[in-house]
Amino acid sequence: MNTELDLFYLLKIKILERYKEFYPYYTGGIEQFGNKEIENLRDSVEEVTGQYISEKWVYTHLKPKGNNKLPRKDMLDILSKFSGYGNWEEFVFKHKNAEATPIKPKINRKYYLVAGVATALLVLGLFFYLKNKSTKKLTVINAYTKDTIKNDAIKVYKLEDSQKIAINMPNAGIAIDPSTKKIFIESPYYKAKEIEVQQIKNHSIELEPEDKALLLKNIIKNKEQAWQKKQQELQQLLAADVEVIVVLENNMGAEYYAKEEFIRFIIAPSLSSQKWELQQVQYDANNKVKFLRIIQ
Amino acid sequence: MKLNTYIILLWSIFLCTINAAAQASSHSTIQDITNISKIHSTIALKAYQTKGMDKIKDLYYMLAKWSTEQDTAVRQAYKENIHALLLQDNTFIYDVRTKQLKKISEILSNAATIMDVVLKNEKISKTTEDYWIVQYTIISSGTTTTTTVEQKVFLKNSNKQFGATTKKVWQLSLGDTVIVEK
């Protein structure tokens, strides 16, 4: 059974049919009515019913594809009369059990799509806002120079039930969730540190540098340094039985270098050795480097 | 000594001999395993093969560097690094200058400049017990000349000296090159 609003949509069809009796060349729908068609309709209504409808009323109630509420009863009477019925009651009586009207506005998919996307974005935005708000952001700095230590030089773990869970650090600094109680930071260039989150002051963690590892990094990376200097410093830094391993992709296997061979590949670098990055440095009792783990 | 005692004694000697033989056999089996495809997982072997290709690129790079290096000591270091990449001192390498195969010792005895090269179309054509064959195309820098070659890359488990310590480690070495297409 049709609702009154359905019946109003049906009335719109009847109005259009009647309009076309006056203006048979018009091929559009009511929603496409322009100023000229509205003027014509008002004239025709006046001619048939002797009543008057305003331009604004046509714009408000007839032109829209969808209507939120039923127009005033006196206006419905006028238009029912224009369409060949005595009044709105007669129109309703004759059509209340008819099939649902074909011009009942279809769901505007584009509208719902845009609304859906906007809602999703809003929810996502809210989610990330709340997440960021509850996430603690920390900066790691060199204890002596107070310079910020870049993320690629450190690895940070959440310590939970004696497990080390790596914390992803896609951006600058460390972002830890509120449930984190203790973290562990390790680096080839700085002394490892375990710290309770509550003890962190001013959102920054200080790490003490491993001077030898930083020196080693500089020797490996500095293309300007004279080879004699590199050789001299490496001879001093490295233990005679140092074991250098360059791990292969996915940590599947490794290449091994002894002391003199390693020094040679720093002095006269290959394409591969130019990409070397320290990953782990171990020292012997004499504080000489006894193990180097390198990634390429 | 009773007969039973002799039998028990002989039986014990027999069992000990069998056990020792089995242990020796087991020990030699471990040492004799050289088939790299059986020892390494596919992913690990792939990692070594990728590294092998890096070593080939390192070889041509360092040959060019060696040929233009002015400092005698650094030039010597490049020479030793080049030798360190190769299986033997008489390994045959493609000589970019003459576009022929030559022993590395011959190449390093010629002081003429070696041009940079670009290596393309690398593919593994065959994997055997302790080496695989890489096919690649060499394009000399600044030219359109291309040469396709095949080179053996060995992966061997051998002793390596770290100061006073000796360890058995897997080592990659480049072997002989052959020209496939000029």
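Worth saying up front: this structure is predicted, and the values here are computed from it rather than measured. Chain A is the first sequence line, chain B the second, and so forth, proteins listed ahead of strands; every chain is numbered from 1.
- Top candidate by heavy-atom pairs under 4.5 Å with chain B, chosen from A:Gln228, A:Gln231, A:Glu255, is A:Glu255.
- Only the backbone of A:Ala254 comes within contact range of chain B, judged by heavy atoms closer than 4.5 Å.
- Taking CD of B:Glu150 as the start and CH2 of B:Trp132 as the end, the distance is 15.0 Å to the nearest 0.5 Å.
- With respect to A:Lys146 and A:Glu206, a salt bridge is recorded, a charged nitrogen being found less than 4.0 Å from a carboxylate O.
- Counting heavy atoms of neighbouring residues, nucleotides and ligands inside a 6.0 Å radius, atom CD of A:Gln32 exceeds 12 of them.
- A salt bridge links A:Glu243 with B:Lys167: at least one charged nitrogen is closer than 4.0 Å to a carboxylate oxygen.
- The environment of A:Lys155 atom NZ is sparse: at most 12 non-hydrogen atoms of other residues, nucleotides or ligands sit within 6.0 angstrom.
- Using a 4.0 Å cut-off between charged side-chain N and carboxylate O, B:Lys152 and B:Asp176 make no salt bridge.
- In this structure the side chain of B:Ile138 reaches within 4.5 angstrom of the side chain of B:Leu119, judged on heavy atoms.
- One finds the CH2 atom of B:Trp170 at 9.5 Å from the NZ atom of B:Lys156 (value rounded to the nearest 0.5 Å).
- Other residues, nucleotides and ligands place more than 12 heavy atoms under 6.0 Å from the CG atom of B:Asn159.
- Other residues, nucleotides and ligands place more than 12 heavy atoms under 6.0 Å from the NZ atom of A:Lys164.
- Contact annotation for residues 50-82 of chain B against chain A (heavy-atom separation below 4.5 Å, listed by residue number): B:Thr50, B:Lys51, B:Asp54, B:Lys55, B:Lys57, B:Asp58, B:Tyr61, B:Met62, B:Asp71, B:Ala73, B:Val74, B:Ala77, B:Tyr78, B:Glu80, B:Asn81.
- Residues of residues 288-296 of chain A lying within less than 4.5 angstrom of chain B, judged on heavy atoms, are A:Gln296 in numerical order.
- Interatomic distance, A:Asp211 CG to A:Asn218 CG, rounded to the nearest 0.5 Å: 12.0 Å.
- The only member of A:Lys136, A:Lys137, A:Lys158 that meets salt bridge (Lys or Arg N to Asp or Glu O under 4.0 Å) when paired with A:Asp177 is A:Lys158.
- Contacts of residues 256-278 of chain A with chain B at a heavy-atom distance below 4.5 Å involve A:Tyr256, A:Tyr257, A:Ala258, A:Glu261, A:Arg264, A:Phe265, A:Ile267, A:Ala268, A:Pro269, A:Ser270, A:Leu271, A:Ser272, A:Gln274, listed in sequence order.
- Contact annotation: the side chain of A:Val281 never approaches that of A:Glu210 to less than 4.5 Å [non-hydrogen atoms, C-beta and beyond].
- Taking CE of A:Met252 as the start and OG of B:Ser41 as the end, the distance is 5.0 Å to the nearest 0.5 Å.
- In this structure, B:Lys126 places its NZ atom where only 12 or fewer heavy-atom neighbours from other residues, nucleotides or ligands lie under 6.0 Å away.
- Residue A:Ile165 qualifies as enclosed at atom CD1: its count of foreign heavy atoms under 6.0 Å is above 12.
- Chain A is approached within less than 4.5 Å, heavy atom to heavy atom, by no residue from residues 97-116 of chain B.
- Atom CG of residue A:Leu215 and atom CG of residue A:Leu234 lie 8.5 Å apart, to the nearest 0.5 angstrom.
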